[in-house]
Structures are given as structure tokens and as C-alpha cells.
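Chain identifiers are assigned alphabetically (A, B, ...) following the order of the sequence lines, protein sequences preceding nucleic acid strands; residue numbering begins at 1 within each chain. The basis for the numbers below is simple: all heavy atoms, side chains too, and nothing from hydrogens, waters or symmetry mates.
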Protein chains: 2
Amino acid sequence: MHDRITRVLRYVQYSWRTQNMTDNSKTLLYKKITDLTEISVSSLDKLFEIATQRHYKKGETILKQGQICKTITFVESGYLRTFIDKEGTEINTDFSFEGSFTTNLKSLRSASSSDTSIQAGETTTIYEFDKDRLLELYNLSAEIESFGRKLLEQLLIAQEEHTNLFKIYSPTERYQYLQTNKPEILQRISLSQLSSYLGIARETLSRIRKNKE
Amino acid sequence: MHDRITRVLRYVQYSWRTQNMTDNSKTLLYKKITDLTEISVSSLDKLFEIATQRHYKKGETILKQGQICKTITFVESGYLRTFIDKEGTEINTDFSFEGSFTTNLKSLRSASSSDTSIQAGETTTIYEFDKDRLLELYNLSAEIESFGRKLLEQLLIAQEEHTNLFKIYSPTERYQYLQTNKPEILQRISLSQLSSYLGIARETLSRIRKNKE
DNA sequence: CAAATTTTGTGACGATTATCACAGGTAAAA
DNA sequence: TTTTACCTGTGATAATCGTCACAAAATTTG
């Protein structure tokens, strides 16, 4: 009798596990992590255990300026818009599409108040990683810390590339750069949202687009 | 007799060790690592073991555009200038002063040819960390990998801040930002070197400086 | 110390861009 | 569908910035 219960319990646990794993392996998150780093199933499980799925509608706020950022966010679908409020005007500093990670690292690291806000740009599904739980995992598993390091490397390379855009190219050339290197951003981000991201006035960007198509 | 030799040998080893440790603990590198992360003496030793000290005179090249970057560099004294060649003109993308780390991460990670060059801006002493040996240490010691991750965090925060300069501020405001937030850079970098770093023409920067002092 | 080289300042001018104002379009909401 | 809100295009104008040319100053080198 006792044996049977144990067997049944094991089966329930097993099917829950496989069910869960099957689901996870379908997520973009799963793909992105395994693309980035070699990682064991158990480490992956641990990461998924601390990932919270959330849904946002267009315009809803994930992080508000002044708050302390406590999570790292992975965008499963939709996109997030990061912006700074400069004297009443919103200046977009980043767009995070599905498959990418975002956070306010400065606020996250030093538990200081964030100078940026993050909002959903469309209907968006994210996975949220709590900072403290992630740090625990870093201490527990070298594999996971290695994942964290590689993620940062990737983000830093992208950021350097973006900075250089401003140093090397004129506004017109910056637009052309996006056309050839990141065309998807032009299709999904409205002209008025894009202009501050490129450091150009909305009207100027409108004229650039007119001339260069 | 044999005993005496052993004792002498031990003493020699001991004094060499303390000597060596004393030396290392005087370096900026030592200070910067221990400021950034909690690390054991043995891990620190391992890091110092793979660090090669090198000296450069002003204008000498550490990394040349087209080469594959294989090291991470720590600046012990002096400074390094990172730049891109754009149609014959050098555009400075970074200045690394004593106490900071630099590399071309994109080239380092993917073993691709570097799009930037790095030169000494003054007489400069660096410590060079070989990528492959560093990766070995990452696998050996979670503490060292943690150090690597924290270093990247620091670099990414600085890079984000620098990008936002271009999105939020006008050329004049960018100069003022340096005046209040990084005055040392104005004292050590010549106007003509600084202008491309701020994305401004040399003449314009000269006029800005004239008006704003 | 003097010559050579590099760096900086300045004027003139043209090109680019920002700003303001408003009209027309487009998309979402009622 | 109609209303409402937001996004885009466009003209006029002023401010800013880049470019060219050259002189002055500062720094380096012989």
C-alpha cells in the first residue's frame, strides 16, 4: 500500500516536472540562455524557478523613475521602452525587444533610486528575475554566475556599439545605420519615439526619412 | 644538516612570498580588485600570476585595428586612448586612466578583428591579463568569475552613462557635464583629442570652452 | 636656445539642425 | 461611425555647428 502511494507520488512529480520542462523549453528565454552559455538542466531549472512571468499592456510601467530597481527583466514577447524624464520631456534611451534582457543596472547594483523608467511599448510578456535570488544562485552555481557574466558581456558590446553611433556618425548616417543594421527597430518604433533615441528632433527625423527612402 | 637546508629553503620561500605580496599590495591593481569584490589571498595570487606588467611610451600601440584582441588591460599609471579610424581621421571612443580596465570586448569574445586601436596617451604602465588564462581561472575559481562579472557591471554602468550624455545633452551641456562630473579628463586630455570623444568639432569645442569659463 | 611640430584660437561662411506653429493623417476609443 | 487623441509632415526662421583657412600659442625636439 505504502509502495503504491510512493509510486503514484513519483509519477505525479515526474509528470509535473516533464510538463514544466516541456513548457520552459518552448520559451524564448530557454533558447536565449542555452544559446548564450553551456548550462546543465539542473541550473536551468533553478533559473526558471526564480523567474516570474508577468503581463503588461501598452503604456503600463515596469519600473518608475525614483524607485529602486530590484529585478532583471527578460522580454518574452512585445517590447519595453526605457526613458529618462528631462524637464518634462521623455528621452528614450533603449528599446528592448523580445529575446533581450534589460534592467537599470546602476540602481540594481547600488540599491539607489533609478533615473530611468521602463514601460511596455506593446502588449508585453516578461520574465522577471529577482536580484537577491539571482545573487544566491550565483553563489550556488558557477554555471549560473558564468551565464550572468556572459550576459553582461553581450550587453556591454551592444552598448559600446550604440555609443559609437553618436561619435562616428551624423544624424542622417545614424538613421541609415539603423536601416541597414537594425531594420526591425524602424518598423516597430514610431518616428516620434525613435527621434530621442537617435538624439534628433522629431521634425528632423521626419525630413531625413523623406529624403532617404 | 639536511634539516638546516630545509629551514633555510623555507625561509627563502617565505621571504620571497612576503616580498612579492608586499609588492602586489602596493599596486593600484591590488586596491581596485579588493575594492570591487571580496576575494581570498589565494585567488588574488592566481590573478597576479597571470598578470604581465608592460611599459609603453606616449604614442606606442597596445592594440591595432585589424588585430585580434587577446588581453584585458589594467592601467597602473598613465592613460590609454581607444580610437576608431574613420576615413583617415581618428575618433576617440574612450580614455582609460590609471585604475581602470580596458579591452576590445567584441574582438576578445569572438576572436574577431578589432575595429578599434589602443595607444598610450602618456608614459604608461599596464598589467595585461591573457584571455585564455583568465577563462581558465574563471573555471577554477568562482570568486574570480565573480570578480569578472562585477567588473563588467561597472564597465556597463559607465558606458550607459556615457551614451546618455549624447541623448540628453547638447554639445555645450556635454562639456559642462565633464566639468562638474569628470574634471580630471579636462586636465589631462588635449582639446583636439577630447572633441571627437564628445562628438564635437575641435573648433566648436574651443569656442565652447572660451564662453563657459 | 632655436627650430620644428603640434595644439589652440578665430574669422567667415555655408550647411545642418532645433524650434515654433499648424495642418493633415492615422489609429484607437466611445 | 464619429469622436478623440496621438502621430506625422511641412513651412518659416533662428540658432548651432562644421568646415576651411590661417595666425598665434604652446610644446617638443635637436
Side-chain angles (χ1 to χ4, degrees), chain A residues 56-61 78-79 81 83-92 95 119-124 164-179 185-213, chain B residues 56-61 78-79 81 83-84 86-92 95 119-124 165-179 185-213:
Chain A
Y56 293 92
K57 288 179 198 155
K58 182 175 177 174
E60 288 186 324
T61 300
Y79 77 87
R81 176 174 74 90
F83 60 94
I84 297 181
D85 182 280
K86 195 207 175 188
E87 298 150 26
T89 317
E90 291 180 358
I91 295 174
N92 295 317
F95 298 103
Q119 276 189 7
E122 304 173 345
T123 303
T124 299
N164 291 343
L165 257 185
F166 290 89
K167 288 181 187 153
I168 303 175
Y169 299 124
S170 69
T172 305
E173 290 171 324
R174 293 206 283 274
Y175 178 77
Q176 290 172 323
Y177 179 89
L178 286 196
Q179 275 190 319
I185 205 174
L186 298 178
Q187 289 158 356
R188 292 181 63 181
I189 307 296
S190 75
L191 187 144
S192 27
Q193 294 293 339
L194 195 62
S195 60
S196 60
Y197 179 75
L198 289 175
I200 317 176
R202 182 185 61 76
E203 297 90 330
T204 305
L205 185 56
S206 171
R207 290 178 181 120
I208 287 172
R209 187 166 74 174
K210 188 187 168 194
N211 294 329
K212 304 285 167 181
E213 61 189 19
Chain B
Y56 293 92
K57 288 178 197 156
K58 182 174 178 174
E60 286 186 324
T61 298
Y79 78 87
R81 176 174 74 91
F83 59 95
I84 297 181
K86 194 208 175 187
E87 297 148 28
T89 318
E90 291 179 357
I91 295 175
N92 295 317
F95 298 104
Q119 274 188 7
E122 304 172 347
T123 303
T124 299
L165 257 185
F166 291 88
K167 290 180 187 154
I168 302 176
Y169 299 125
S170 68
T172 305
E173 289 171 324
R174 294 205 284 272
Y175 178 77
Q176 290 172 323
Y177 179 90
L178 285 196
Q179 274 190 318
I185 205 175
L186 299 178
Q187 288 159 356
R188 291 182 63 182
I189 307 296
S190 75
L191 187 142
S192 27
Q193 294 293 338
L194 195 61
S195 61
S196 61
Y197 179 74
L198 289 175
I200 317 176
R202 183 185 61 76
E203 297 90 332
T204 305
L205 185 56
S206 170
R207 290 177 180 120
I208 288 172
R209 187 165 74 173
K210 188 189 168 195
N211 295 328
K212 305 286 168 180
E213 62 188 16

- Message: Could you check whether any side-chain N or O of B:R81 sits under 3.5 Å from a backbone N or O of B:G121, counting only pairs where one atom can act as donor and the other as acceptor?
- Response: no
- Note on the structure: Whole-Å distance, A:Y169 OH to D:dC17 C1', equals 21 Å
- Contact string for nucleotides 3-18 of chain C, one letter per nucleotide 5' to 3', B = base within protein heavy-atom range under 4.0 Å, S = sugar-phosphate only, - = neither, reads ----SBBBBB----SS
- Would you kindly give the CD1-to-P distance between B:I91 and D:dG18, to the nearest whole Å? 12 Å
- Item | Residues A:R188, A:E122: salt bridge by 4.0 Å N-O rule | yes
- A:E173 with B:K86: basic N within carboxylate O range, under 4.0 Å: yes
- Please say which of B:I208, B:L205, B:L186 ends up in a side-chain contact (heavy atoms from CB on, under 4.5 Å) with B:L191. B:L205
- Message: Just to verify, what does B:Y79 make a ring pair (Phe, Tyr, Trp, His ring centres under 6.0 Å) with, not counting sequence neighbours?
- Response: B:F97
